[in-house]
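Step one of this worksheet: look at the structure below.
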There are 2 protein chains.
Amino acid sequence: MTKIKENSTRNENKQLTAGWCPVSYVMNKLGGYWKPIILFQLIEGPKRYSELRKAIPTITEKMLIQHLKQLQEDNLVLRTATAVVPPHVTYKLTQAGINLTPVMEAMANWAINNRENN
Amino acid sequence: MTKIKENSTRNENKQLTAGWCPVSYVMNKLGGYWKPIILFQLIEGPKRYSELRKAIPTITEKMLIQHLKQLQEDNLVLRTATAVVPPHVTYKLTQAGINLTPVMEAMANWAINNRENN
DNA sequence: ACAAGTACTTACCCTAAAGTATGTATTATG
DNA sequence: CATAATACATACTTTAGGGTAAGTACTTGT
């Protein structure tokens, strides 16, 4: 949305770390407060835009589409629109997105085990 | 370091998502450009502060200790200091940190496979 | 005529986190 | 007595990303 300053140290370092470190690479794709939650919703199956909104009541519309767009660019989510009025748009995981689910499950399992001993 | 404004919407949402979503919970612990890279260095074994600095030349000292502190607070890394001059401090993974390595490997594998078809 | 429903878009503000630069304590050594 | 070595600390600046609020397009139903 807002243009990023490509020559800022910050952005350069981001690129750099994503280049070296496969974990950073993944973190960049899953980064953002809402992305994991959106993906989680879509694991259950394709959902309409409005269904996602209802499923995640505390997200704003701006954040929702912004993240959906990034997820599309990163080839994790596929958007399908039907040209009707009112519009009908569904989002679903791509194969790469589906492949990510075991990774997310591994993260979730670690979280559960780690949370217990606190 | 810098105090966070606890009642900002942003911070509230962060807490909220980390509460619901185990993946967000993990993302918060691994968030920050350098944390995965620091953890990766420590997978190989304990390292001194100065060794970490040399291993990650582009990181600044501020970022390095800041992340090391957060990793300690999150119980992923253990700091051991010997009272000598010049100081001798080593960092190593805790059990929780060690448990995280298969998760990070899963992320890395996904990254490798996903990067190929781009 | 206008409200309702869907899927966005856009202009603006605020802040957490990253980066820059410099300083500190302690002791051994030339 | 000044420098080196190690492991930090701290004051200040910048920016990416998140949040707020309001608007848009198109058609069907009343």
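Below, read A as the first sequence line, B as the second, and so on, with proteins coming before strands; counting in each chain starts at 1. Owing to the predicted nature of the structure, the values given are computational and were not obtained by experimental measurement.
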Quick check for you: among D/dC8, D/dG17, D/dT15, whose closest atom lies nearest to any side-chain atom of B/I65?
D/dC8
Taking atom P of D/dT15 as reference, at what distance in whole Å does atom CZ of B/R10 sit?
16 Å
Measure CD/B/Q66 against C1'/D/dA7 and give the value in whole Å, please.
16 Å
Enumerate the residues from residues 41-61 of chain B whose closest heavy atom to DNA chain C is under 4.0 Å, giving them by residue number; use none for an empty result.
B/T60
Is there a side-chain polar atom (N or O) of A/S8 under 4.0 Å from OP1 or OP2 of D/dT14?
no
Between A/Y25 and B/M107, is the side-chain contact (heavy atoms from CB on, under 4.5 Å) condition met? List the steps.
CA-CA 9 Å; A/Y25 174 84; B/M107 294 170 82; over 6 Å; no
B/T90 vs B/R79, test: side-chain contact (heavy atoms from CB on, under 4.5 Å). Steps then yes/no.
CA-CA 6 Å; B/T90 54; B/R79 191 188 104 114; over 6 Å; no
Would you please name every residue forming a salt bridge (Lys or Arg N to Asp or Glu O under 4.0 Å) with A/E73, sequence neighbours left out?
none
Spacing of CG belonging to A/N13 relative to CD1 belonging to B/I37, to within rounding of 0.5 Å
9.0 Å
Nearest-nucleotide comparison on DNA chain D, the residue closer to the 5′ end among A/H67 and B/H88
B/H88
Nearest whole Å is fine: how far is D/dT14 P from B/K62 NZ?
14 Å
Output the distance between atom CG (A/L64) and atom CG (A/L68), rounded to the nearest 0.5 Å.
4.5 Å
Counting only heavy atoms not in A/Y91 (residues, nucleotides, ligands), do more than 12 fall under 6.0 Å from its OH?
yes
Closest non-hydrogen contact found for A/T17 with B/Y33 is CG2-O, 3.9 Å
Nearest to side-chain heavy atoms of B/K69, which nucleotide of D/dG18, C/dG19, D/dA9
D/dA9
Hey, is the side chain of A/Y91 poking within less than 4.0 Å of OP1 or OP2 on C/dC8, counting only N and O atoms?
yes
Students often mix this up, so state it plainly: with edges at 30° and 60°, are the rings of B/W20 and A/W34 parallel, tilted or perpendicular?
perpendicular
Whole-Å gap separating P (C/dG19) and CG (A/N11)
11 Å
Double-helix bend of the helix from C/dA1-D/dT30 to C/dG30-D/dC1, axes at both ends from 5 pairs, round to 10°, gives 30°
Distance check needed: D/dA7 C1' versus B/R79 CZ, whole Å only.
8 Å
What closest approach, in Å, do B/M27 and A/P36 show between heavy atoms, and which atom pair accounts for it?
CG-CG, 4.3 Å
Every protein N/O within reach of nucleotides 24-30 of chain D N/O, cut-off under 3.5 Å:
none

Contacts table for residues 92-104 of chain A: side-chain donor-acceptor under 3.5 angstrom, sequence neighbours left out:
from: A/T94; atom 1: OG1; to: A/N75; atom 2: O; distance (Å): 2.7
from: A/T94; atom 1: OG1; to: A/L76; atom 2: O; distance (Å): 3.2
from: A/T94; atom 1: OG1; to: A/A96; atom 2: N; distance (Å): 3.4
from: A/T94; atom 1: OG1; to: A/G97; atom 2: N; distance (Å): 3.2
from: A/Q95; atom 1: NE2; to: A/N99; atom 2: OD1; distance (Å): 3.1
from: A/N99; atom 1: ND2; to: A/Q95; atom 2: O; distance (Å): 3.4
from: A/T101; atom 1: OG1; to: A/I98; atom 2: O; distance (Å): 2.8

Going by atom types alone, do A/Q70 and A/K35 pair a side-chain donor with an acceptor below 3.5 Å?
yes
Among C/dT15, D/dA7, D/dT15, which is the nearest nucleotide to the side chain of B/K5?
C/dT15
Figure out the NZ/P separation between A/K29 and D/dG17, and round it to whole Å.
14 Å
Heavy-atom count check: over 12 atoms from other residues, nucleotides or ligands less than 6.0 Å from B/E44 CD?
yes
Heavy atom of residues 12-24 of chain A under 4.0 Å from DNA chain D: which residues?
A/K14
Rounded to the nearest 0.5 Å, what's the gap from CG on A/L52 to CD1 on A/I65? Could you check?
12.5 Å
Specify the residue among A/T9 and A/V89 whose closest nucleotide of DNA chain C lies further upstream toward the 5′ end.
A/V89
Whole-Å distance separating the CD1 atom of B/I38 from the C1' atom of C/dA18:
13 Å
Got a donor-acceptor contact below 3.5 angstrom from the A/E12 side chain to the A/T9 backbone?
no
Interatomic distance, CD@A/Q41 vs CD1@A/I59, rounded to 0.5 Å, equals 10.0 Å
Classify the nucleic acid contact of B/G31 as base, sugar-phosphate or nothing, counting any heavy atom under 4.0 Å across all strands shown.
nothing
Whole angstrom value for the distance that separates C1' of D/dG17 from CG of A/N28
13 Å
